[in-house]
Amino acid sequence: MEYQFISWNIDSLNAALTGKSPRSDLTRAVLQKIVQLHPTVLAIQETKLSADQNKVKKLLQLLTDYFPDYAVEYRISEPPARKGYAGTMMLYLKSLPRPQVTFPHIGAPEPTDDEGRMITLEFPEFFVTTVYTPNAGQDLNRLALRQEWDDCYRQYLTQLDQQKPVLACGDFNVAHEEIDLAHPQNNHHSSGFTDEERQKFSQLLVAGFTDSFRYLYPQAQGFYQEQRSVYTWFPQRVRTSKQNNSGWRIDYWLVSNRLADKIEISEPLATGERQDHLPILLKFSM
């Protein structure tokens, strides 16, 4: 069977579905593109859903208008964590075998385990899991916490992998190698490109996982095809970042090593003028 999975840090589902700004219009255009691709599974990070169930219900109805053929699972940030922060969501075709859904607590430092950062779906042949990894902070004030998270997350994925193959996606908040961002020398001590974060990502790969994009494009830098950028995130605060292809590759589809030869496509999706994160597509057959 052929599968087509998409992962996207949407940076607020409410803004995407109800916002009136030009950026919200651009976001909805990306949603329409995803609808047309009809993914088997769609994973969304940084939903920022409210704890108000009436507001959530309204947003879910709007989302269902886009994706009527999908079941929806979501997770919000709950006390002691900050409300309306982080959050993840997964949509899957109702025609699929109904998966077992879990909302993992991985033993990470408080309050990260309560920020709604992970959802896992278990299907008969594999696990698919999404993550919104905590960042190290602008001044690296959360770097130690981030390292603990990375260790807990790696242990969790390894445990899944011992049961059946794993496909893990999301915003990992790290550019692994120098070819994964436009200006590595200027960012060597920046959050998302410290030696510590990069080393933890390397350890995750060594534990039995393949970076699907690099499996297909091991040396691609800047562009992997003509006018197709390798980067998955362009900072909004730099208005010309996308125009100048000055981005970072911090969103990934990782797969258990034994699935690597099943990968057909792994790439960012074009989002026009919209900056911030790009959705990433994984296509494979089993």
Side-chain angles (χ1 to χ4, degrees), residues 6-21 23-28 30-31 34-35 41-68 70-92 94 98-122 127-138 141-142 145-146 148-150 152-153 156 168-173 191 233 236 250-251 274 276-277 279:
I6 293 175
S7 172
W8 187 23
N9 179 324
I10 202 169
D11 187 24
S12 176
L13 194 62
N14 181 58
L17 297 176
T18 70
K20 306 298 183 182
S21 69
R23 183 171 184 271
S24 294
D25 291 337
L26 292 172
T27 302
R28 285 189 285 272
V30 177
L31 272 176
I34 292 173
V35 168
V41 173
L42 169 62
I44 302 174
Q45 305 89 41
E46 204 172 359
T47 55
K48 298 182 180 178
L49 288 181
S50 165
D52 185 328
Q53 286 302 305
N54 289 327
K55 291 182 179 179
V56 172
K57 184 177 179 181
K58 176 184 176 182
L59 289 176
L60 291 178
Q61 182 55 58
L62 292 171
L63 191 66
T64 300
D65 292 342
Y66 282 90
F67 299 98
Y70 291 76
V72 180
E73 301 290 345
Y74 67 93
R75 189 176 181 188
I76 66 172
S77 183
E78 299 177 322
R82 187 168 31 147
K83 295 181 180 179
Y85 179 65
T88 47
M89 176 178 285
M90 297 188 82
L91 294 79
Y92 61 91
K94 294 177 182 177
R98 186 173 181 177
Q100 180 176 341
V101 182
T102 54
F103 304 100
H105 281 70
I106 60 175
E110 293 185 357
T112 52
D113 252 345
D114 296 300
E115 291 172 342
R117 292 183 175 275
M118 292 181 63
I119 301 175
T120 299
L121 307 180
E122 180 182 357
F127 292 100
V128 56
T129 183
T130 192
V131 65
Y132 176 39
T133 304
N135 67 55
Q138 186 171 359
N141 58 308
R142 299 207 307 169
L145 176 149
R146 166 62 187 269
E148 288 187 61
W149 167 279
D150 285 337
C152 294
Y153 180 72
Y156 172 74
C169 70
D171 176 358
F172 284 75
N173 263 316
S191 175
W233 177 71
Q236 296 183 71
I250 59 175
D251 304 86
R274 187 185 188 274
D276 205 55
H277 292 267

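Residue numbers start at 1 and run along the sequence shown.
Scanning both residues, Asp276 and Arg274, for their nearest heavy atoms gives CB-NH1, 4.0 Å. For the residue pair Glu110 and Leu145, the shortest heavy atom distance occurs at O-CD1, 4.1 Å. Residues Gly84 and Lys48 share a closest heavy-atom pair of O-CB, 3.6 Å. Counting all heavy atoms, side chain and backbone alike, Trp149 lies closest to Pro109 at N-CD, 4.1 Å. Heavy atoms only, all atoms of each residue included: Ser191 and Gly137 are closest at CB-O, 3.3 Å. In terms of heavy atoms, Cys152 sits closest to Gly107 at SG-O, 3.5 Å.
Contact of the Leu13 side chain with the Leu62 side chain is not registered, since no non-hydrogen atoms from C-beta on lie closer than 4.5 Å. Considering only heavy atoms from C-beta on, Val101 stays 4.5 Å or farther from Arg75 through its side chain. Ile34 places a side-chain heavy atom less than 4.5 Å from the side chain of Pro279.
Here CG of Leu59 is found 6.0 Å from OG1 of Thr18. Values are rounded to the nearest 0.5 Å. The structure places CD of Glu73 at 11.5 Å from OG1 of Thr120, a figure rounded to the nearest 0.5 Å. Note: Tyr153 OH to Arg117 CZ = 12.5 Å, rounded to the nearest 0.5 Å. Distance check, rounded to the nearest 0.5 Å: CG of Asn9 to CZ of Phe172 gives 12.5 Å. Atom CD in Glu78 sits 10.0 Å away from atom NZ in Lys83 (nearest 0.5 Å). If you take OH on Tyr132 and CG on Asp251, they are separated by 10.0 Å, rounding to the nearest 0.5 Å.
The side-chain contact (heavy atoms from CB on, under 4.5 Å) test with Met118 is passed by exactly one of Ile106, Thr130, Thr133, Asp113: Ile106. Exactly one residue among Val56, Thr88, Leu63, Leu91 makes a side-chain contact (heavy atoms from CB on, under 4.5 Å) with Tyr74. That residue is Val56.
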Report task. Test Thr27 against Ser24 for side-chain hydrogen bond (donor to acceptor under 3.5 Å, both in side chains), laying out the working first. Result -> CA-CA 5 Å; Thr27 302; Ser24 294; 5.7 Å; no

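A search for salt bridge (charged side-chain N to carboxylate O under 4.0 Å, His left out) contacts involving Glu122 returns Lys164, not counting sequence neighbours. For Arg82, there are no side-chain hydrogen bond (donor to acceptor under 3.5 Å, both in side chains) partners, not counting sequence neighbours. Listed by chain and number, the residues in a ring pair (Phe, Tyr, Trp, His ring centres under 6.0 Å) with Tyr70 are His38, Phe67 (sequence neighbours excluded).
Within the 3.5 Å criterion, the main-chain N or O of His277 finds a donor-acceptor partner in the side chain of Trp8. Checking side-chain atoms of Thr129 against main-chain N and O of Ile119 turns up a donor-acceptor pair under 3.5 Å. A donor-acceptor contact shorter than 3.5 Å links the side chain of Arg28 to the backbone of Ala16. Side chain of Arg146 to main chain of Asn135: no donor-acceptor pair is present (N/O by atom type, distance under 3.5 Å, no hydrogens or angles).
Between Arg23 and Asp11 there is a salt bridge, since a side-chain N of the basic residue sits under 4.0 Å from a carboxylate O of the acidic one.
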